[in-house]
Amino acid sequence: MNANWTDLRARTALRRIFDAAIASADPRITIASALPAKPRGRCIVIGAGKASAAMAAGLDAAWPDVELSGVVVTRHGHSAPAGRIEVLEASHPVPDDTSKAAAIRMLRAVEGLSSDDLVVVLMSGGGSALMTLPASPMTLADKQAVNRALLASGATIAEMNVVRKHLSAIKGGRLALAARPARVTTLVISDIPGDDPAAIGSGPSLPDSSTKADAQEIIDRFAIDLPAAARLALEQADETPKPGEIDADVRILAAPFHALDAAANVARDEGLTPILLGDAIEGEARELGTMMAGIARSVAMHAQPGQAPAVLLSGGETTVTIGRGPAGRGGRNTEFLLGLVIALSGAADIWAIAGDSDGIDGTEDAAGALIGPDTLQRAAAKLLDARACLAAHDSYTFFDRLGDLVRTGPTLTNVNDIRAVLIGAGKPGIKLRMR
């Protein structure tokens, strides 16, 4: 092992990189510079998502002189005091009664407004489940069944949101229609690959370019089994408002790229060369782990696409496709790491961290985990079979038994997953002479 990169030093550096990425997306710091002109009348604040409470707190503090009220909904455990703005807690990723009650209250809050009033919509990841109003004739139970089917389908988050918009009475721009003639500004923290604001929380205040036909194609392609009421709702629903039909004043407070840029700055301070691989990486989590192992080996052996000591930085949202058999515990980040550590097979001088920036990987109590060159060796000593755990989607159990889970608690923000693979030492590259 390179004397300069001990296990402790590598793990400490990775945790600093991860924490810096999350801190850069704190809405209580970023929101003040993104606010629109103050209204002549009232300001009604509406919001949904894992960062909505922190966003509301920042807005309340920034505008003490504005007549301000409203309601936002966040995930259980992600609440924070927001002054004059009420904060509700609901279930995620499957909606509950509070999710529906919150959506109803938001529509009522924007009734009867004038052109002097301003509606500020605060959206962040998780908003689709937290603010749910099923389209007729669906019930909440139908919407819960739809969400479960989507989560298990292998569809990307953007594809899931296309379906959700067309099965909702508030998403896909319908909230903005209800707020007319008030001015509407949408502030978002992006957790969506590509940072499409209309896909964040299923865009309740923004025009929707997708169609009912697009939603049906996704349902057919992934063989998503919808309740009968959901199929009927999709057939009967009006199209969502399209671009040009409603105004779209939207501002991004934080996004995955900003988080990776902050991570890169800390990496440089640690003496590492940051190699940014992209902020919108998708695909199967375990397969991405295999691919990242190959890139890490290339850095170590051939100084490509960069020279060690280096760190591979990436963001986005991978997928875990659950088959018909029983599944263990874990989220996409721990599954990514388990795929990575198996592919690395104990390679020296390579460590990694991966976690969800909201502090919750899937439905578990950890953001993600850390791995090192000795992970498989320590697992074998505890009679843990890495391949069996991966096959059973039981990555949480694997890393929990090793003591390698990363627990941050709710971070009150959400810019999707942060992955960092540290290559501490490299070997001289092989030079080939071409004839």
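- Atom CG of L150 and atom CZ of R164 lie 6.0 Å apart (nearest 0.5 Å).
- Within a 6.0 Å radius of CZ in F222, more than 12 heavy atoms belonging to other residues, nucleotides or ligands are found.
- Atom-to-atom distance recorded for F399:CZ and D361:CG is 10.5 Å, nearest 0.5 angstrom.
- Checking H258 against S190 by side-chain atom types alone, no donor-acceptor pair falls below 3.5 Å.
- D404 and R11 are joined by a salt bridge, as a carboxylate oxygen and a charged side-chain nitrogen come within less than 4.0 angstrom of each other.
- At a cut-off of 3.5 Å, with distance as the only test, a side-chain donor of D249 or T185 sits close to an acceptor on the other residue.
- More than 12 heavy atoms of other shown residues, nucleotides or ligands fall within 6.0 angstrom of atom CG in N265.
- Inter-residue side-chain proximity for R40 and R183 is flagged as unmet; no heavy-atom pair is nearer than 4.5 Å.
- Around the CG atom of D238, the shell of radius 6.0 Å holds no more than 12 heavy atoms that belong to other residues, nucleotides or ligands.
- The pair K50-D191 fails the salt-bridge criterion, with no side-chain N (NZ, NE, NH1 or NH2) lying under 4.0 Å from an Asp/Glu carboxylate O.
- Side-chain contact between F257 and L276 is present, with heavy atoms from C-beta onward closer than 4.5 Å.
- For the residue pair D417/N333, the side-chain donor-acceptor check at 3.5 Å is satisfied.
- More than 12 heavy atoms of other residues, nucleotides or ligands lie within 6.0 Å of CZ in R251, so this atom counts as buried by the packing criterion.
- Put simply, OG1 on T186 and CG on L175 are 8.5 Å apart, with the number rounded to the nearest 0.5 Å.
- No side-chain heavy atom of T375 sits less than 4.5 Å from a side-chain heavy atom of L337.
- Side-chain contact check for S314 and R419: at least one donor-acceptor pair (N or O, by modelled atom type) lies under 3.5 Å.
- Between the CD1 atom of I189 and the CG atom of L253 there is a distance of 5.5 Å, given to the nearest 0.5 Å.
- Taking CD1 of I200 as the start and CG of L206 as the end, the distance is 8.5 Å to the nearest 0.5 Å.
- Partner of S99 under the side chain to side chain contact (heavy atoms under 4.5 Å, CB included) criterion, out of N147, T132, L88: T132 alone.
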| query | Can you check salt bridge (Lys or Arg N to Asp or Glu O under 4.0 Å) on R329 and D400, steps first, answer last? | reply | CA-CA 10 Å; R329 301 177 63 188; D400 190 31; 5.5 Å; no
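- In Q307, the CD atom is not crowded: 12 or fewer heavy atoms of neighbouring residues, nucleotides or ligands sit closer than 6.0 Å.
- I104 is listed as a side-chain neighbour of L133, based on a closest heavy-atom distance under 4.5 Å.
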D208 and R174: salt bridge (Lys or Arg N to Asp or Glu O under 4.0 Å), yes or no, with the steps?
CA-CA 10 Å; D208 174 33; R174 293 186 173 98; over 6 Å; no
